[in-house]
2 protein chains.
Amino acid sequence: MAQPDTVTRILDTAEVLFAERGFAETSLRTITGKAKVNLAAVNYHFGSKKSLIQAVFARYLDPFTERFHRALDELEARHARDGSEIPLEELLETMARTVLEVPAERDSLKVFMRLLGLAYTQAQGHLRGYIQSQYGEDFSHFTELVRRATPELPDAERFWRLHFILGSVIFTLSGLDALRDIAEHDYDERVSVSELVQKLRPVVVAAMQAPMPDQR
Amino acid sequence: MAQPDTVTRILDTAEVLFAERGFAETSLRTITGKAKVNLAAVNYHFGSKKSLIQAVFARYLDPFTERFHRALDELEARHARDGSEIPLEELLETMARTVLEVPAERDSLKVFMRLLGLAYTQAQGHLRGYIQSQYGEDFSHFTELVRRATPELPDAERFWRLHFILGSVIFTLSGLDALRDIAEHDYDERVSVSELVQKLRPVVVAAMQAPMPDQR
DNA sequence: GGCGTAGAAAAACGCATGTTTGAAACTGTC
DNA sequence: GACAGTTTCAAACATGCGTTTTTCTACGCC
């Protein structure tokens with residue numbers, strides 16, 4: 001098999017290493033060494049380490065938002081025809097399906113989720129700004145649809161619950177390997193990612209439909 | 001007021017900086033500079049940066065586990081007397097109260113949660129091992145009580161749901177500042193930490209009591 | 001066939017990092 | 001008040017980092 005070109009080799013290696021150790025902890029020398037590529041290649045092709053990080057994200061998020069956008073439009077169109085509202089389950093289902101679809105091609109869901117987690121938790125101010133500016137609009141579209149699907153929730157409450165859920169998903173899927181090892185060791189149950197998503201589904205729905213907190 | 005001693009000044013400064021930027025992104029020079037302490041002091045008092053990181057955690061986790069242990073024992077004793085089982089809400093309540101109590105003395109819940117989040121997400125293999133070895137037992141005690149409180153759940157299912165919840169809590173509270181800014185900007189609702197914990201409560205309970213996923 | 005350009009390779013640059021050193025300053029004790 | 005032990009300090013050390021520069025190689029084009 002022919003070796004992929006330099007740019008692809010760098011991206012392939014970088015995303016795995018970033019996902020494993022974080023951005024600051026992964027040096028260009030480690031990346032280029034493992035990718036069997038000259039050190040200067042990163043700066044030549046990407047300009048800087050920062051841009052490499054953004055490129056790694058773009059390679060996931062561009063196809064993701066593209067598909068997600070299409071899926072949401074289609075969902076809206078279908079329900080617009082018969083005038084019904086889109087139920088929450090269907091929205092969550094659509095998001096889950098898209099998240100699973102995109103990295104499936106490279107068997108890298110774990111990497112994708114780890115990267116999302118890192119984008120939130122690692123400092124890297126430039127990343128948050130980049131993601132917000134590039135993909136913020138599509139996410140807003142989604143939250144607007146969720147708003148219509150859960151009209152009984154106050155806006156702020158829905159906002160927080162969405163982030164609770166986001167935390168569950170990112171946290172669980174990004175720490176997947178470690179957790180899976182523990183689960184297998186303690187309960188010998190070996191779960192696949194799709195089984196885990198199945199486990200998440202009722203929990204997420206229940207979280208969104210939980211009663212409002214007591215006012216004390 | 002007298003300046004705290006060098007060790008305390010280092011710990012106070014380090015925990016804030018670590019929480020803000022992560023471990024790798026915080027240099028000893030930044031810490032010692034801000035703490036108005038000589039650079040060599042860290043290596044003199046702690047031995048290495050690694051040990052400093054562990055010391056920062058120990059200063060939170062030692063009192064936390066100590067209190068948590070006591071609180072659980074007391075809870076168990078109380079219910080052992082009348083032979084009743086400890087309800088799930090009470091267990092979660094106890095944990096939440098203890099988490100809130102410990103850093104309250106220094107108004108640093110945010111820091112505490114950020115640190116917990118970092119312990120999970122930043123590589124720092126030594127940290128995970130250290131925490132597991134030092135505090136793993138107390139956490140096991142807690143999960144055992146949760147097991148008794150939710151006998152209808154299969155062990156593996158409970159395991160995963162606990163981690164879903166852990167994800168929600170750590171993710172939300174560790175990204176608190178950023179999220180709070182958004183929430184305030186978009187919905188002008190300024191939530192306090194205890195209000196957020198109040199919002200989390202019904203969601204967490206609902207998550208644990210959600211129906212089992214469909215088998216497909 | 002020579003030329004121009006894009007890419008790869010090797011080396012060096014400048015800088016920030018964690019750590020170590022050795023001398024100075026301080027502290028308590030007899 | 002001299003001594004031993006501890007803590008502070010400035011300086012240096014070695015290393016690893018991202019980036020830049022320079023040289024070399026390969027390929028398309030009139």
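So that the names make sense, note that chain A is the first sequence line, chain B the second, and so on, each numbered from 1.
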| said: My understanding is that only residues two or more places apart in sequence, or in another chain, count here; which of them pass salt bridge (charged side-chain N to carboxylate O under 4.0 Å, His left out) with A:Asp155? | reply: A:Arg158

| query | Do B:Glu20 and B:Arg114 sit within salt-bridge range, that is, some charged N less than 4.0 Å from a carboxylate O? | reply | no

| said: Does D:dG16 have OP1 or OP2 under 4.0 Å away from a side-chain N or O of A:Ser27? | reply: no

| query | Can you check the A:Asn43 CG to D:dT19 P distance for me, whole Å? | reply | 5 Å

| query | B:Arg29: what forms a salt bridge (charged side-chain N to carboxylate O under 4.0 Å, His left out) with it, not counting sequence neighbours? | reply | none

| task | In whole angstrom, give the distance that lies between atom NZ of A:Lys49 and atom P of D:dT19. | result | 8 Å

| task | Mark up nucleotides 7-13 of chain D, 5' to 3', with B wherever a protein heavy atom is under 4.0 angstrom from a base atom, S wherever such an atom reaches only the sugar-phosphate, and - elsewhere. | result | BBBB-B-

| query | Taking NZ, NE, NH1 and NH2 as the nitrogens, is one of them in A:Glu195 or A:Arg190 under 4.0 Å from a carboxylate oxygen of the other? | reply | no

| side-chain hydrogen bond (donor to acceptor under 3.5 Å, both in side chains): pairs with one or both residues in residues 163-175 of chain B, sequence neighbours excluded | A:Ser168-B:Ser168

| Does the ring centre of B:Tyr60 sit less than 6.0 Å away from the ring centre of B:Phe64? | no

| said: Need one value for B:Thr26: base, sugar-phosphate or nothing, where a base atom within 4.0 Å counts as base even if backbone is also close, heavy atoms only. | reply: sugar-phosphate

| What residues form a salt bridge (charged side-chain N to carboxylate O under 4.0 Å, His left out) with B:Glu76, not counting sequence neighbours? | B:Arg148

| So, the side chain of A:Arg21 versus the backbone of A:Thr26: is there a donor-acceptor pair under 3.5 Å, distance only? | no

| task | Anything under 4.0 Å to a heavy atom of chain B counts; send over the first and last such nucleotide of DNA chain C, read 5' to 3'. | result | C:dT17 to C:dT21

